[in-house]
Trainee: 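For reference, the structure I am asking about is given below.
Every chain is numbered from 1 and lettered A, B, ... according to where its sequence line falls, protein lines coming before strand lines. Because only heavy atoms are used, hydrogens play no part in the values below, and waters and symmetry mates are left out as well, while side chains stay in.
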Number of protein chains: 2
Amino acid sequence: MFSNSSKYALTAVIHLASQTDEAHKKMVKDLSLYTDIPKAYLAKLLQQLSKHQVISATKGPKGGYYLTEENRKLPVYRIIEVIDGTHRLESCVLGLEDCNAENPCPLHDLVNPSKAILLNTLKHMSIEELAGKLNKNDGFSIPGT
Amino acid sequence: MFSNSSKYALTAVIHLASQTDEAHKKMVKDLSLYTDIPKAYLAKLLQQLSKHQVISATKGPKGGYYLTEENRKLPVYRIIEVIDGTHRLESCVLGLEDCNAENPCPLHDLVNPSKAILLNTLKHMSIEELAGKLNKNDGFSIPGT
DNA sequence: GAAAAAGTATGATAATTATCATATTTCGGA
DNA sequence: TCCGAAATATGATAATTATCATACTTTTTC
């Protein structure tokens, strides 16, 4: 479903969301220890996310990665977009370029309902909402169902 | 979602379903031409499917691949199972080994509803049903929705 | 019963993805 | 103002996946 890179990125951002803000930053090293993601690989992913303003970073001593309020407002989908690009999730399940509702591939109708729900969820739920859900662990429903 | 190999396998089996039976077989070469799947790669996939009795084959002149009635009764899921194994589709979206309803990963509740629907569909719809649906192109609904 | 047409088996190459390593830049504090 | 701690940039290696090639076996047909 997601690439390894996206899985790592999602995991890392979720941790950042629940444990950092402008005043409490996290170094790659600590995030790596905590999440079991290889340090150098994680660093690369965080750099990409930072470059695209999905997460924030400050260099130097006392520096590290963290999420601003703005970062938190971004949809979860944005993380995947930056790391994997849009094609992987959006494209036809059989990899056909010209598959759509009018000209569906054999599996289109079979797979699309689930896919649509998933995409809708990823695009509409913000990082903040996801993290909040985790902290409260309250009842929770998928938008669109 | 699916691996390239699974996509190819699905495409190929769908074609076999709509165009072959015990009396009308298809050679790898022709399937390859028709589906635009590299011949040698397709051959390897069909061999795997054949070895696991998902599709049928006869050697020699006038031979080729085809689907029996038994083959057609198999769930679509079986194709993916043979090619990709079960782990890829069933495992946690973040790749955690011990993720489940009691001990869910951060994305579990977010992704699981769509995933459950998809898996349910793949496991309950037979190859025959999928092919029949294509031929008739009639209204169609996903079981479980 | 030999020849050719098919699948079968096995392994080699290429491309992509995951992982690691190293040098560079920036910033805070002594 | 200079040292060290952090992110940043870039590129090298390893592992996996996709693709290709070749030799072997089976079976039909003449």
Trainee: Any sub-3.5 Å donor-acceptor pair from A/T20's side-chain atoms to A/L67's backbone N or O?
Mentor: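 Yes, the answer is positive, given that a donor and an acceptor are paired below the 3.5 Å cut-off.
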Trainee: Counting only N and O atoms by type, is there a donor-acceptor contact under 3.5 Å from the side chain of B/R78 to the main-chain atoms of B/V54?
Mentor: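 Judged by distance alone, no pair lies under 3.5 Å.
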Trainee: Using the side chain to side chain donor-acceptor pair (under 3.5 Å) rule, take A/T58 and A/K25 through it: C-alpha gap first, then chi angles, then the decisive distance, then the call.
Mentor: CA-CA 9 Å; A/T58 56; A/K25 299 161 188 174; 3.3 Å; yes
Trainee: Using modelled atom types and a 3.5 Å cut-off, is there a donor and acceptor pairing between side-chain atoms of B/E129 and backbone atoms of B/S126?
Mentor: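 Checked: pair present.
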Trainee: Which nucleotide span of DNA chain C, 5' end to 3' end, has atoms closer than 4.0 Å to non-hydrogen atoms of chain A?
Mentor: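 Result: C/dA18 to C/dG28.
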Trainee: Closer than 3.5 angstrom, by distance alone: can the side chain of B/S32 be matched with the main-chain N or O of B/V28 as a donor-acceptor pair?
Mentor: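 No.
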Trainee: Are the side chain of B/N71 and the backbone of B/T68 linked by a donor-acceptor contact shorter than 3.5 Å?
Mentor: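 Such a contact is found between B/N71 side chain and B/T68 backbone.
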Trainee: Would you give the length of the straight line joining atom CE of B/M1 to atom NZ of B/K7, rounded to the nearest 0.5 angstrom?
Mentor: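 Here the interatomic distance stands at 9.0 Å.
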Trainee: Does B/L31 share a hydrophobic cluster with B/M27, counting links as ILVMFWY side-chain heavy atoms below 4.5 Å and allowing steps through other members?
Mentor: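 B/L31 does not cluster with B/M27.
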Trainee: Would you jot down, in residue-number order, the residues of residues 47-54 of chain B having a non-hydrogen atom under 4.0 Å from DNA chain C?
Mentor: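 Output list: B/Q47, B/S50.
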Trainee: To the nearest 0.5 Å, how far apart are CD1 in B/I80 and NZ in B/K123?
Mentor: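 NZ of B/K123 is found 10.5 Å from CD1 of B/I80.
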Trainee: Regarding A/K25, tell me which of base, sugar-phosphate or nothing describes its non-hydrogen contacts under 4.0 Å with the strands shown.
Mentor: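 The answer is nothing, as A/K25 stays clear of every strand by at least 4.0 Å.
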Trainee: I need the residues from residues 33-46 of chain B with at least one non-hydrogen atom less than 4.0 Å from DNA chain D; give them sorted by number, or say none.
Mentor: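 Correct list: B/P38, B/A40, B/Y41, B/K44.
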Trainee: Can you establish whether the number of heavy atoms outside A/E90 located under 6.0 Å from its atom CD is more than 12?
Mentor: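 Atom CD in A/E90 is crowded, with more than 12 foreign heavy atoms closer than 6.0 Å.
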Trainee: Please list, for nucleotides 25-30 of chain D, all pairs of protein and nucleotide N/O atoms separated by less than 3.5 Å.
Mentor:
from, atom 1, to, atom 2, distance (Å)
D/dT26, O4', B/K59, NZ, 3.3

Trainee: Using a heavy-atom distance cut-off of less than 4.0 Å, which residues of residues 92-99 of chain B contact DNA chain D?
Mentor: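 Per residue number, the list is empty: none.
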Trainee: Could you tell me whether A/K7 contacts a base, only the sugar-phosphate backbone, or nothing, with contacts defined as non-hydrogen atoms closer than 4.0 Å?
Mentor: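 No contact at all - A/K7 keeps every heavy atom at 4.0 Å or more from the nucleic acid.
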Trainee: Please check: side-chain N/O of B/S50 versus main-chain N/O of B/L46, any donor-acceptor pairing under 3.5 Å?
Mentor: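 Not at all, since once roles are kept as given, no pair shorter than 3.5 Å links the two residues.
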Trainee: Sequence neighbours left out, what passes side chain to side chain contact (heavy atoms under 4.5 Å, CB included) with A/S3? Give chain and number order.
Mentor: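 Residues passing side chain to side chain contact (heavy atoms under 4.5 Å, CB included) with A/S3: A/S5, A/S6, A/D84, A/R88.
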Trainee: Quick one: are B/I55 and B/Y66 in side-chain contact, heavy atoms under 4.5 Å?
Mentor: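 With C-beta onward as the side chain, the pair stays apart.
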Trainee: Any side-chain to backbone donor/acceptor pair from A/N103 onto A/D98? Under 3.5 Å, distance only.
Mentor: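 Confirmed, A/N103 side chain pairs with A/D98 backbone.
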Trainee: Please name the pair of heavy atoms, one in A/Y8 and one in A/L45, separated by the smallest distance, quoted to 0.1 Å.
Mentor: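 So the minimum-distance heavy-atom pair works out to CB-CD1, 3.5 Å.
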